[in-house]
Amino acid sequence: MISVKDYIVLITGASSGIGEACAKVFAQAGAKLILAARRQERLEQLAEQLGKDYGSLSYLMPMDVCDQSALDNLPPPWSNVDILINNAGLSRGLDKLHEASIQDWEEMIDTNIKGLLYMTRAIVPGMVNRGRGHVINLGSIAGHQTYPGGSVYCATKAAVKSISEGLKQDLLGTPIRVTSVDPGMVETDFSMIRFRGDAERAKKVYNGLTPLTPDDVADVIFFCATRSPHVNINEVIMMPTDQASATLLNRQT
Ligand code: 8X3
């Protein structure tokens, strides 16, 4: 196991859910965090809490991953990112493809694919120059199995899978590591966002089963980041014990 003390860890979508859980676990281990998300207020609260709980130093980046130039002004030494956690992502709707909103597609494709690509393109050249780094992408079981109403979301996560594989291939010969962590059902505001604030519908998603928590996923991400430098965990598929596939669930109702 390696230490991430004083490593610079950039987390996108850091203001809630899996991103926030990652911030805590890496802060506890002594990493310095760049917290990126759209909601500045949430980032400020999180940074304050991390400072209080772990004496952690954070650099806040209120930004949208869809903004190609968002990382242009990272001041040194914060620009020397050691670990990039491409966590920002979202789903919108669960409608049949031929009835779905094109705007929903644009949002998912822009954030989940293009946003991840922009962040990667901005950060990885520095990793290559410095000869150290690790990119950790948040995929999903949705990238392995398509489910009804989820085709575009699933396609974006299948793209993350391909991008992770391709980046690993392109970085062969460098010490840079690439990992994709692909969870199933995790209880975050994922479903609230998918259903645009319909709390009742969102709650039903987790009815009668025990989903993963953001901490469960952050724990696995931290594990991947702390292996010996010669070890690359390429892909982790994880789901709750109550889940066997995107659509096979054990609900006790
Ligand atoms: C989240 C998992 O199965 O709800 O990416 O799409 S799923």
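Note that ligands are numbered from 1 as they come in the structure, with each ligand's atoms numbered from 1 the same way. Values below: every heavy atom of this structure, side chains too, minus hydrogens, waters and symmetry copies.
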Report every pair formed by an N or O atom of ligand 1 and a protein N or O atom separated by less than 3.5 Å, giving atom names and the distance to 0.1 Å.
{"unit_1": "ligand 1", "atom_1": "5 (O)", "unit_2": "Ser140", "atom_2": "OG", "d": "2.6"}
{"unit_1": "ligand 1", "atom_1": "5 (O)", "unit_2": "Tyr153", "atom_2": "OH", "d": "2.6"}
{"unit_1": "ligand 1", "atom_1": "6 (O)", "unit_2": "Tyr147", "atom_2": "OH", "d": "2.6"}

Inset, instruction - Identify the two heavy atoms, one from Ile176 and one from Val128, that lie closest to each other, and give their separation to 0.1 Å. - result: CD1-N, 4.1 Å
Inset, instruction - Name all pairs fulfilling the salt bridge (Lys or Arg N to Asp or Glu O under 4.0 Å) condition that reach into residues 120-143, sequence neighbours left out, sorted by first residue then second. - result: Asp82-Arg132
Legend entry - Under the ring-ring contact (aromatic ring centres under 6.0 Å, His included) test, residues paired with Trp105 that sit two or more places apart: none
Inset, instruction - For the pair Glu107 and Lys114, evaluate salt bridge (charged side-chain N to carboxylate O under 4.0 Å, His left out) and give the outcome as yes or no after the intermediate values. - result: CA-CA 10 Å; Glu107 215 179 328; Lys114 291 165 76 176; over 6 Å; no
Inset, instruction - Using modelled atom types only, decide if a donor and an acceptor are shared between the side chain of Asn112 and the backbone of Tyr153 within a distance under 3.5 Å. - result: no
Solution key, residues 220-231 side-chain donor-acceptor pairs under 3.5 Å, sequence neighbours excluded:
{"unit_1": "Thr226", "atom_1": "OG1", "unit_2": "Phe222", "atom_2": "O", "d": "2.8"}
{"unit_1": "Thr226", "atom_1": "OG1", "unit_2": "Phe223", "atom_2": "O", "d": "3.2"}
{"unit_1": "Arg227", "atom_1": "NE", "unit_2": "Phe223", "atom_2": "O", "d": "2.8"}

